[in-house]
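Here's the structure we're looking at; comments come further down.
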Amino acid sequence: MSSSFPWLTTIGLLPLIGAIVVAALPKAAAASARMVALVFSLVTLVLGIAAATQYKSGSTAQFQLTETHSWIPQFGVSYALGVDGISLSLILMSLVLVPISIFAAWKDVDGPRARGYFALMLSLETFMVGVFAATDVFLFYVFFEAMLIPVYFLIGSFGGPRRQYAAVKFLIFSLLGGLIMLVAVIGLFQQGPGGDQGFLVTNLHGLRMSATTERLLFLGFFFAFAVKAPMVPVHTWLPDAAAESRPATAVLLVGVLDKVGTYGMIRFCLEIFPNASKWATPVVITLALISIVYAALVAIGQSDMMRLIAYTSVSHFGFIVLGIFAMTSTSQVGANLYMINHGFTTAALFLFAGFLIARGGSRKIEDYGGWQRVTPVLAGVFLIAGLSGLALPGMNSFVSEFLVMIGTFSKYKVAGVIAATGVIWAALYILLLYKRVMTGPKPERAAVADLGPREKVVAGALIAIMVVLGFFPKPALDLLRPAVKTTLQHVGVQDPAPTGAAVDGSHN
Amino acid sequence: MTGVLSLSPHVASLAAEGSALTTRDASGASAIGWLMIALPLAGAALLLVGGKALNKIGPLLATALSWASFGVGVAVLLQLMGMAAGERSLHLNLYSWIPAGKLDVNFGMLMDPLSMTFVMLITFVGSLIHVYSLGYMEHDPDKRRFFAYLNLFIAAMLTLVLADSYLGLFLGWEGVGLASYLLIGFWNWNPAYATAANKAFIMNRVGDLGLLLAMFTMFATFGKLDFASVNASVAGAGKGTLTIIGILLLVAACGKSAQFPLQAWLGDAMAGPTPVSALIHAATMVTAGVYLIVRSNAIYTATPDARLAVCIVGAITLMFGAIVGCAKDDLKKALAASTMSQIGYMILAAGLGPVGYAFAIFHLVTHGFFKAGMFLGAGSVMHGMNDQVDMRRFGGLSAVMKITWITFGLGWLAIIGVPGLSGFWSKDKIIEAAFIGEGWRPWVFGLAALICAGITAFYMSRLFFMTFHGKRRWTDDVHPHESPLTMTIPMMVLAVGSALLGLAIGPTGIITDWLAPVTGAHEEGEPVIPVPVLIVLTLLLVAAGVALAWMRYVRDAVPVVPPVGSLATRAARKDLYQDDVNEAIFARPGLHLTRGLVFADNKGVDGAAGGTAALIGGSSSRLAKLQNGFVRSYALTMLTGVVAILGLVWVIQ
């Protein structure tokens, strides 16, 4: 289904124009960089919502709002964009998170350097849209690698004391994954139909290849995505990168960019290599379970709150991967919803912790205590973010975590039980953090102000999204359900039927 | 057990036809039943977001909203009462909550005799405690936040009992857990209180894991999570599966209702302000486990094995709480131990199946009144005694706090089961029911229930005498006085309930008939010891307990410093070493484990992964040098990549 208006290109291009404008501002006007950046990101968001209204949920085509142009026909490369429910919801989440992050980062950088900072954030938005919208494997790879550049500079130039180390570590891990994927990308082309559109995703479905070839190519993609996601044991770059980043950078890095890993697992690993995916399922599920439990336990023991939050994300990515590879419709709908929810929850945790760090001047948990008495509003919003992190019913994350677990359990009992212990570990890492930072006697220190209006807007927006998605996830689920159905059709798996003679006695 | 067993197929066949009860769509008053939840929820949101502007009016607003919720509840109750017994079930579908394809959960409310019994208890006692708190928390700087949490609790608790599915129940279930956490830690500037709040939430999460796994099993077996579908599908499910579900639900009940082995959080939960202890940790939230089991009666009736487990847990906790209650000198912790023990009675009754479901709920309701009343009395005592809780420093308060003394006294007489008062009707019914059956069970469960009636009489009399009678052992700085009317009026109302409620709904058969449509026809059975003998035995044990307490705590002087005590006393004081056990088995190994993993993650995993990465990018020492010119290296890498592609493509073609 072709759209007359190039929605996706427009949404992707606008932030890039914004980035150029911000970067080109004269030194004297550097103070207005953040406002220009915010306006560009907000206009992009409005356009994104407009595009979403053009999306027809009943359509039979896998991708909508498609644009296909020949780019390097000699190598089968097209400039091809399009979205299904999964990628559209991820793009919308990104478009919401960017202005929130920019607003939260309002006072991060002063002086002329602010231009570079906000320009990098906007340019990152372009690549985020591109990577989720690309329906050409090579184009996806280009965006996948291009994303690294703004993130590298955001961490390396604007981060904390060990920013250089963290940025390099991030880059090496990512490049290693990317290079292996590149080999697989080329190998995949060789297996495909070739021609001037040989890299189109839709042309690579249902390929016939030998089991060994399929498995090797699967592994090439999967390794890159596992590093990006990140999964244990290739997760160790994330705590460093997230801790040394500015909180707003950490939000975009962990909340959005890491989703490329799990998104890629669905779009490429499962849809293009269904047999290899099934072959790898036992190992992947095991790794996902290890991620869930291991990262949660390591989070409990952290002394740096940014690292702690990063480890909770590793644990949550374990849930997402588990839901994807359990390959039931319930678990996959849950995993896709989890990607969206995790973006907002992680944003809330990083940004609110950032508000605290901006006041207390330290990331060390032991440097805090009793802050509920000093900054009650900040303590309150921090707790709400935490409750979302521990998947309290009524908050967004509960719905997705529940769907992942219950869907997994219906097929893999033991895995479902192990994953479910995550609810205990999550309570531990969140509540122990809250206790150590916020409770206890009033600290003896100079008075600090509670949240200001700007911070309240950031907190209010994120909390509103988390509560609405907790009580009314229907719009997101309606978007995701058909896409998951398509994915599972590509893989060719059926949901397990209820084992008992079930009777529908509901009154609905 | 024959009665129980012969009943099972009967109930199952009814269940297979849909339900023993015809369910209709809500109309009239019940169509606005959602207001019961929405009103206090709105109050909570308003008070939290409203800021300082609501400091004065907020508490009053919260109290009014709680009463308004009670009002809606009464209207729905009247509507139900006006219907034929077999039709007293109204369903209100609110909206599509989680339409995830295979799993499709609507948000709906089920208003039937069981849920409305709870609604009445929650909103009536809850509203009284709101009123009481107006006086009790008058001078607290954060009272707006306190009332917001109280309203949040009411909304969550009503969600728990009104939901039409296990998932909706779970929303309320964890919601009350959150309210409990917030209120236990309300004064969390005290680190011990903050720890108590965490302990409550985390131990409850262990129980919640049970409820989650029960839902997973239901979904895998029945494909549904709503009560009606699950109940209707029970007949077609395997016995093993039902037993697993029953035991998982029991785990959940153990967490929420502080039953063995997840009981350790309740004593520490007394860190919360006393009205909270009365409402959440005595009258309502902690009884949610009993609700869960009785609500799932279709499952439990079909699985005697799971019911046996329920009975065992109830009996153990019943004795555990009673023993601990004998040794506590902290007024609130003694009452908390008593709560645990009394809920043990309810759980035991629920485990007995159709002979016990209705009695479990009956005792739950009367206990809600007399225990809440006594907790409010304890709050009144603390109010007059500078927030002291050590009963060894009380004594002789009957003269200076007349209303507190009398209202507390009625609660005391009710809980020990003095003939005519509420506890006599409800607890003795459980003792009788526990003696019904064959083999060893009636003897073990019956005797446990019987003996604990005596122990209950002892520890409650000890508590009552140490506080209100005997010599005054006050510290020099206290000037006890009666509490204001906002506090004493709720105490008086609850005292009336403690005295008369049992008589009103017990021997008249009202409560058993009322609940019959949900719990199935109430089964009468013949106890292995004749009922009149049981009544006499119980009364003798109670009299002995009271007499012993009188001798030790009124006739003899109560030492201000606790004596060393026997081995048993010392064990009971330390809650039978529950914390030491948890510490040794879970906390300390857990601490070492997380520390070890953090170390391993930083050194081992990172070293291995980072080392591999460094090998590819160069040696790790060169890494540092690379940092400066890394952009160039990056460009070089990209270039290498592009060359590699072009080369490969050329080869392939």
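Here is how names work: the chains are called A, B, and so on, in the same order as the sequence lines, proteins then strands, and each is numbered from 1.
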Do B/F599 and A/V298 make a side-chain contact, defined as non-hydrogen atoms from C-beta onward lying under 4.5 Å apart? no

Looking only at heavy atoms and a cut-off of under 4.5 Å, which of A/V417, A/L392, A/V399, A/V185 has the most pairs with chain B? A/L392

Mind listing the closest non-hydrogen atom pair of B/G101 and A/R481 along with its distance? N-CD, 3.3 Å

Side chain / backbone / both / neither for B/R24 at chain A, heavy atoms under 4.5 Å: neither

Between A/R307 and chain B, which part of the residue has a heavy atom less than 4.5 Å away: side chain, backbone, both or neither? side chain

Between B/F107 and A/F471 (judged by ring centroids, cut-off 6.0 Å), do the two rings come close enough to count as a pair? no

Sort B/T195 into side chain, backbone, both or neither according to what part of it lies under 4.5 angstrom from a heavy atom of chain A. both

Distance col, row A/D478:CG vs B/S96:OG, nearest 0.5 angstrom, shows 7.5 Å

Could you report the tightest heavy-atom contact between B/E174 and A/P393, atom names first, then the distance? OE1-CD, 2.8 Å

Can you tell me how far CD of A/Q372 sits from CG of B/D142, rounded to the nearest 0.5 angstrom? 8.0 Å

Side chain, backbone, both or neither: which part of B/T217 has a non-hydrogen atom closer than 4.5 Å to chain A? both

With respect to chain B, which residue among A/L428, A/T421, A/L390 yields the maximal number of heavy-atom pairs within a distance under 4.5 Å? A/L390

Nearest 0.5 Å, please: how far is CD1 in B/I98 from OG1 in A/T330? 11.0 Å

Name the region of A/L387, side chain, backbone, both or neither, that has any atom closer than 4.5 Å to a heavy atom of chain B. side chain

If only side-chain N and O atoms count, and only distance matters, is there a donor-acceptor pair under 3.5 Å linking A/Y434 with B/N198? no

Checking A/T499 against B/T241 for the side-chain contact (heavy atoms from CB on, under 4.5 Å) test, could you report, in this order, the C-alpha distance in whole Å, the side-chain angles of both residues, the deciding distance, and whether it holds? CA-CA 10 Å; A/T499 54; B/T241 310; 5.8 Å; no

For B/L213 and A/A420, work out which heavy atoms get closest and say how close. CD2-CB, 4.0 Å

Would you indicate whether the side-chain heavy atoms of A/F402 and B/L103 approach each other to under 4.5 Å? yes

Shortest non-hydrogen contact between A/A427 and B/I202, atoms and distance: CB-CG1, 4.2 Å

Is any side-chain heavy atom of A/K474 closer than 4.5 Å to one of B/Y95? no

For B/L593, is it the side chain, the backbone, both, or neither that has a heavy atom closer than 4.5 Å to a heavy atom of chain A? side chain

Taking everything shown except B/F186 itself, do over 12 heavy atoms lie less than 6.0 Å from its CZ? yes

Heavy-atom distances under 4.5 Å only: say whether B/L212 touches chain A with side chain, backbone, both or neither. side chain

Indicate the atoms forming the closest heavy-atom contact of A/G440 with B/P191, along with that distance. CA-CG, 4.5 Å

Is it the backbone or the side chain of B/Y181 that comes under 4.5 Å from a heavy atom of chain A, or both, or neither? side chain

Chain B contact via A/A391 - side chain, backbone, both or neither, heavy atoms under 4.5 Å: backbone

Given heavy-atom pairs under 4.5 angstrom as the criterion, report whether the side chain, backbone, both or neither of A/L403 touches chain B. side chain

If I measure from the heavy atoms of chain B, does A/P496 come under 4.5 Å with its side chain, its backbone, both, or neither? neither

Proximal component of A/K413, with respect to chain B [non-hydrogen, under 4.5 Å]: side chain

Does any part of the side chain of A/T408, heavy atoms only, come nearer than 4.5 Å to the side chain of B/F216, both counted from C-beta? no

Are any non-hydrogen side-chain atoms of A/T439 and B/W189 less than 4.5 angstrom apart? no

Is the closest side-chain heavy-atom distance between B/L167 and A/F398 below 4.5 Å? yes

Measuring heavy-atom distances to chain B, does A/M438 have an atom under 4.5 Å in its side chain, in its backbone, in both, or in neither? neither

Check whether any side-chain heavy atom of B/W97 lies under 4.5 Å from a side-chain heavy atom of A/P473, and answer yes or no. yes

Donor-acceptor check, side chain of B/R205 to backbone of A/V423, threshold 3.5 angstrom: yes or no? yes

Side chain, backbone, both or neither: which part of A/A167 has a non-hydrogen atom closer than 4.5 Å to chain B? neither

Atom CD1 in A/I406, atom CE in B/M215: separation rounded to 0.5 Å? 7.0 Å

Can you tell which of A/I424, A/L480, A/V333 has the highest number of heavy-atom pairs within less than 4.5 Å of chain B? A/I424

Beyond-backbone contact of A/P498 with B/T221, side-chain heavy atoms, under 4.5 angstrom: no

Winner by heavy-atom pair count (cut-off under 4.5 Å) against chain B, out of A/L383, A/I300, A/L477, A/V484: A/L477

Per-residue contact mode, A/L432 against chain B (heavy atom under 4.5 angstrom): both

Kindly indicate, with the supporting measurements, whether the criterion side-chain contact (heavy atoms from CB on, under 4.5 Å) is fulfilled by A/V232 and B/D601. CA-CA 10 Å; A/V232 175; B/D601 198 64; 6.0 Å; no

With a 4.5 angstrom heavy-atom cut-off, which part of B/L242 approaches chain A: side chain, backbone, both or neither? neither

Looking only at heavy atoms and a cut-off of under 4.5 Å, which of B/P99, B/G177, B/G185, B/A100 has the most pairs with chain A? B/P99

What's the verdict on side-chain contact (heavy atoms from CB on, under 4.5 Å) for A/I430 and B/F201, showing C-alpha distance, side-chain angles and the deciding distance? CA-CA 11 Å; A/I430 292 292; B/F201 196 97; over 6 Å; no

